[in-house]
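I have placed the structure first, in the form of C-alpha cells, so that the comments after it can refer back to it.
As the structure is a prediction and not an experimental result, all values here were calculated from the model. Below, chain A is the first sequence line, B the second, and so on; all start at residue 1.
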2 protein chains.
Amino acid sequence: MRPSLIEIAERAGVSTATVSRALNDRPGVNAETRERILRIAREIGYAANSAARGLATSRTFTLGCINYRRDPQPISSYHVQIVEGIDHEARQHGYHVITTFVDAADMADAAQLSLIAEQRVDGLILVGPALKPSFIIQLRNSHIPLVLIDNLLEETDIDAVVCDNVGGTYRVTRHLLETHGLRRLVFLSGPAHWFSSRERRQGYEKAMREAGQEPCVVYMPDTTVNTGQAATLEALERHPDLEGIVAVNDATALGAIRASKKRGRHIPADLAVVGFDNVTWGPLHDPPLTTVRMFKYEMGIEAARRLMDMIERGPLPSFVLRLSTEVIVRESCGCKSSDETHYDDYGS
Amino acid sequence: MRPSLIEIAERAGVSTATVSRALNDRPGVNAETRERILRIAREIGYAANSAARGLATSRTFTLGCINYRRDPQPISSYHVQIVEGIDHEARQHGYHVITTFVDAADMADAAQLSLIAEQRVDGLILVGPALKPSFIIQLRNSHIPLVLIDNLLEETDIDAVVCDNVGGTYRVTRHLLETHGLRRLVFLSGPAHWFSSRERRQGYEKAMREAGQEPCVVYMPDTTVNTGQAATLEALERHPDLEGIVAVNDATALGAIRASKKRGRHIPADLAVVGFDNVTWGPLHDPPLTTVRMFKYEMGIEAARRLMDMIERGPLPSFVLRLSTEVIVRESCGCKSSDETHYDDYGS
DNA sequence: AAGCTGATTGCAAGCGCTTACGATAGACTT
DNA sequence: AAGTCTATCGTAAGCGCTTGCAATCAGCTT
C-alpha cells in the first residue's frame with residue numbers, strides 16, 4: 001500500500017486539506033507548515049494517486065497520441081521520432097502519453113474511442129497526413145483539445161504543427177534546376193487529398209514555373225517503395241528524356257532509384273532523385289539520398305507543448321506552427337558528399 | 001458532461017449498484033433488467049469514467065511500456081513494431097498503453113518513475129537489451145507485474161519474452177559455413193553484458209566449433225553503424241584473410257559492409273556479411289541484407305498478453321517465452337535473391 | 001402457516017484526493 | 001474597546017464508481 005495524503009496529514013499533525021494545498025503549491029499555507037509537509041512527503045516517498053486526483057479534478061495529466069497503423073508497414077521511423085518528442089516534452093511537464101495506433105476500421109467511429117469516452121486523456125495529438133478528415137472532425141466535435149501533426153484541415157480551425165513542405169520541396173527542386181542544371185523533372189505525388197503531398201507539389205510547381213518549366217505530376221495511390229518504383233517505371237516509359245525525379249517522400253524516392261537501376265539508368269548520372277523526410281536509412285543508401293529534413297522530434301515537442309497550453313489555459317486563438325525544413329544534400333542529386341558522414345547522427 | 005452511472009440508474013429506475021453489476025457482467029441481476037440497462041447505456045453512449053473506476057478498484061487497465069531512449073538515435077524501427085504489437089493486444093482486451101522513453105539518467109532511480117508512484121499502470125513492459133539490470137531490479141522490487149522484451153535477467157525470475165537468438169545466429173552462421181563454404185568468420189558483438197549479444201555470440205560459437213573452426217569475437221561498446229564500421233576496419237586489418245562477418249545486428253552489419261567497401265572489398269564476393277533483426281531497410285540495401293528475422297510485433301503481443309494475465313490472475317509461475325527466428329536469405333551472404341521482392345512486406 | 005431458500009435489488013460506505021466555506025486567532029483600525 | 005482584516009487551517013462534501021451487507025419477495029418445504 002502506497003502512502004496516502006492521510007498518512008502525511010497525521011505525521012504532520014494537520015488536515016489533509018492543508019497537505020493538499022501544500023503539495024499543490026496553493027496559497028494559504030504557512031511557510032513552516034509547508035516545509036514540514038514537503039519534507040515528510042519526500043521522506044515517505046509520497047506521490048498522489050492519479051485516479052483519485054483525476055476523479056477530484058477531472059484532469060488526467062495524460063495526453064493521447066493517435067497514429068495511423070498502415071498496412072503494410074511503412075519503411076520509416078517517422079512515428080517513433082514524433083512520439084519521442086511528445087513523450088519528452090510531456091514528461092517535462094508532468095504529463096504522460098498514451099500512444100495508440102488506429103487502423104482504417106477504427107477511424108470509422110471516433111465515439112468508440114475509449115481514450116475519450118472513458119476520459120482517459122486531457123487532450124489528443126493526431127499524427128500523420130493519412131488520418132481521415134471525417135475522423136478528425138468527429139474527434140473535434142467531442143470538444144477535447146486537439147493538435148494535428150503533419151496534417152492540416154484547412155477549412156477548420158484545428159490546431160496543427162506542420163513543416164514547411166512548400167519551401168522544402170521548392171528549395172530541393174531549385175537545387176536540381178540550378179546547381180545541376182536539370183530541366184525535365186517530374187514530381188511523384190501521394191494522393192491529392194493528403195495534406196503534405198499537396199503542399200510539396202506546390203513547392204515543386206513553384207520552382208518549375210519560376211524556371212520556365214512545365215510541371216509534370218504523377219499521382220500515386222500511396223507512398224510506398226513499390227508504388228514509387230511502379231510510378232517511376234511508367235514515367236520513364238512516357239518521358240525517356242527525364243532528367244530528375246522529385247519524390248514526395250524518401251520511400252518513393254527509393255522506389256524511383258530502384259526503378260531506374262532496373263532500366264539501366266545510373267543514379268545520379270542518368271537521373272537525379274531527391275526525397276523528403278530524411279529517414280534514417282537515407283545516408284546509408286547507395287547512393288546516399290538527397291532529401292529534405294523535417295524536424296520530427298521537434299514537431300512532437302511543439303505539438304505537446306501547444307496541447308498542454310490549451311489544456312491548462314482553455315480555448316486559445318487558433319494556431320498553426322510551421323517548422324522550417326532543411327535540404328540535406330547527399331549524392332542522389334548528383335553532388336559529392338563527404339565520406340566522413342556520421343551515419344547515426346541523422347534521423348531526427 | 002458525459003453521462004454517468006446515475007443517469008442510467010434513473011432512466012432504468014434502478015440503483016447505481018444494479019447498473020454497475022449489469023455493466024460489469026456480474027451475477028445477481030435479472031436478465032430483463034440487465035437487458036434494459038445495457039440498452040440505455042448504449043443509447044446514451046455511456047462509458048465508465050476511468051478515474052472513478054480506478055479509484056474504486058485500484059485497477060487502471062493501463063500498461064506501461066518503457067523503452068530506452070538511445071542517444072544517438074538507432075537506425076531501426078525496432079521500438080515501433082514492438083509497441084504496435086503491445087498496443088494492439090492491449091486494446092483487444094480493453095487496456096491502454098502509456099509508452100515512454102527513458103534515458104540513462106532516468107534509469108538511476110526507478111522510485112521516481114511516476115508511472116508507478118502515481119499508480120498509473122497495472123503492469124510494466126520493459127523493452128530492449130540496453131536497460132540497466134539495476135533499474136529493472138528496482139522496478140521488480142516495487143512488486144508491480146513486469147515483463148521484459150528482448151532481455152533476460154538470468155539470476156532472477158522476472159518474466160521475459162525473447163527470441164531464439166542462439167538458434168538464429170547458429171543457423172545463419174551455418175549458412176555461411178555450409179552453403180557458401182566459408183571458414184574464417186568473425187562475430188561482431190555488442191557489449192558482453194547485453195543479453196542478446198551474449199546469446200547470439202553463443203549461436204555463432206556453436207556453429208563455428210561444430211565446423212571445427214576457432215571462433216573469433218570482436219566486442220564493441222555499442223551496436224551502431226559507425227561502431228560496426230570501425231570494428232570491421234580493424235578486423236580486416238588484423239585478419240586480411242577474413243571471409244565473412246556475422247554481425248550482432250543489422251546496423252553493425254551495415255557498418256561492416258561500408259567498411260569493406262571502403263577497403264575495396266566487394267560484398268559478397270570478397271566478404272560475406274549477415275546481420276540480425278531484419279530491419280525494414282534491409283531488403284532495400286545494396287546488396288540486400290541477409291539477416292535473421294525476429295518477430296518483434298509478435299513479441300509485443302505475447303508480452304502484453306502475459307502481462308495482462310499476471311495482472312488478472314495474480315502471481316504465476318515464472319515464465320520465459322522464446323519466439324522462433326527465421327533466417328532471411330538475401331544477397332549479402334552470397335546468395336542470389338529474387339528480383340521480385342516486395343519491399344514493403346518486410347519489417348515485422 | 002411458519003420457516004427457509006435463492007434470486008434480485010437497494011443502501012451506504014469508501015476509494016484518495018480537492019476545494020468551497022467556515023472557524024479561529026492575532027494584528028490592526030478607529 | 002469593539003470592530004475589521006488577513007493569514008492559516010479544519011470541516012465536510014463530493015468526484016463516479018464498486019461492493020459488502022441487508023432487505024425484500026416469491027416459491028418451497030415441512
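B:Tyr78 and B:Asp150 are linked by a side-chain donor-acceptor pair at a separation below 3.5 angstrom, with hydrogens and angles left out of the test. Side-chain contact annotation: A:Thr100 with B:His96, donor-acceptor N/O pair under 3.5 Å absent.
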N/O to N/O distances under 3.5 Å, protein versus nucleotides 25-28 of chain C:
none

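The existence of a salt bridge linking A:Asp157 and A:Arg140 is confirmed by a sub-4.0 Å separation between a basic side-chain nitrogen and an acidic carboxylate oxygen. At a threshold of 4.0 Å, the pair B:Glu43-B:Arg39 counts as salt-bridged, since one of the basic side-chain nitrogens sits closer than that to a carboxylate oxygen.
A side-chain donor-acceptor contact under 3.5 Å links A:Asn151 to the backbone of A:Gly128. With hydrogens and angles disregarded, no donor-acceptor distance shorter than 3.5 Å links the side chain of B:His93 to the backbone of B:Arg91. No side-chain donor-acceptor contact under 3.5 Å links A:Arg120 to the backbone of A:Thr60.
In this structure, A:Arg26 reaches the C:dT19 phosphate: one of its side-chain N or O atoms is under 4.0 Å from OP1 or OP2. For A:Thr57, no side-chain nitrogen or oxygen approaches OP1 or OP2 of C:dT18 to under 4.0 Å. Applying the 4.0 Å criterion to OP1 and OP2 of C:dT18, one finds that A:Arg53 has a side-chain N or O inside that range.
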For a side chain to side chain contact (heavy atoms under 4.5 Å, CB included) check, start with the C-alpha distance between B:Leu23 and B:Leu5, then their side-chain angles and the critical distance, and finish with the verdict.
CA-CA 10 Å; B:Leu23 294 177; B:Leu5 262 198; 3.8 Å; yes

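Atom C1' of nucleotide C:dC17 and atom CD1 of A:Ile6 are separated by 9 Å, given to the nearest angstrom. Counting to the nearest Å, the C1' atom of C:dT18 and the CG atom of B:Leu55 are 12 Å from each other. Rounding to whole angstrom units, CD of residue A:Glu7 and C1' of C:dC17 are separated by 15 Å. In this structure, the CG atom of A:Asp25 is 17 Å from the P atom of C:dC17, given to the nearest Å.
Residue order along DNA chain C, read from the 5' end via each residue's closest nucleotide, puts B:Gly28 first among A:Met1 and B:Gly28. Residue B:Val14 is the one, among A:Pro3 and B:Val14, whose nearest nucleotide of DNA chain C lies closer to the 5' end (criterion: closest heavy atom). Each of B:Ala52 and B:Arg21 has a nearest nucleotide on DNA chain D; the 5'-most of these lies closest to B:Ala52.
Listed nucleotides C:dT19, C:dT9, C:dA12 differ in distance to A:Ser20; the shortest reach to its side chain belongs to C:dT19. Of the candidates C:dT9, C:dC17, C:dG14, the closest approach to any side-chain atom of B:Thr33 belongs to C:dT9.
The aromatic rings of B:Tyr297 and B:His88 are tilted relative to each other, their planes meeting at an angle between 30° and 60°.
The list of ring-ring contact (aromatic ring centres under 6.0 Å, His included) pairs with a residue in residues 1-21 of chain B, not counting sequence neighbours, is empty.
Here B:Ser142 pairs with B:Ile116, B:Ile144 under the side chain to side chain contact (heavy atoms under 4.5 Å, CB included) rule; sequence neighbours left out.
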Tabulate below the donor-acceptor pairs under 3.5 Å that side-chain atoms of residues 48-56 of chain B make, not counting sequence neighbours, or state none.
residue : atom : partner  : partner atom : Å
B:Asn49 : OD1  : B:Ala51  : N            : 2.8
B:Asn49 : OD1  : B:Ala52  : N            : 2.9
B:Asn49 : ND2  : A:Gln119 : OE1          : 3.4
B:Ser50 : OG   : A:Glu118 : O            : 3.1
B:Arg53 : NH2  : B:Asn24  : OD1          : 3.2

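Where DNA chain D meets chain B (any atom under 4.0 Å from a heavy atom), the bounding nucleotides read 5' to 3' are D:dG16 to D:dG20.
The stretch residues 36-51 of chain B has no heavy atom under 4.0 Å from DNA chain C, so no residue of it qualifies as close.
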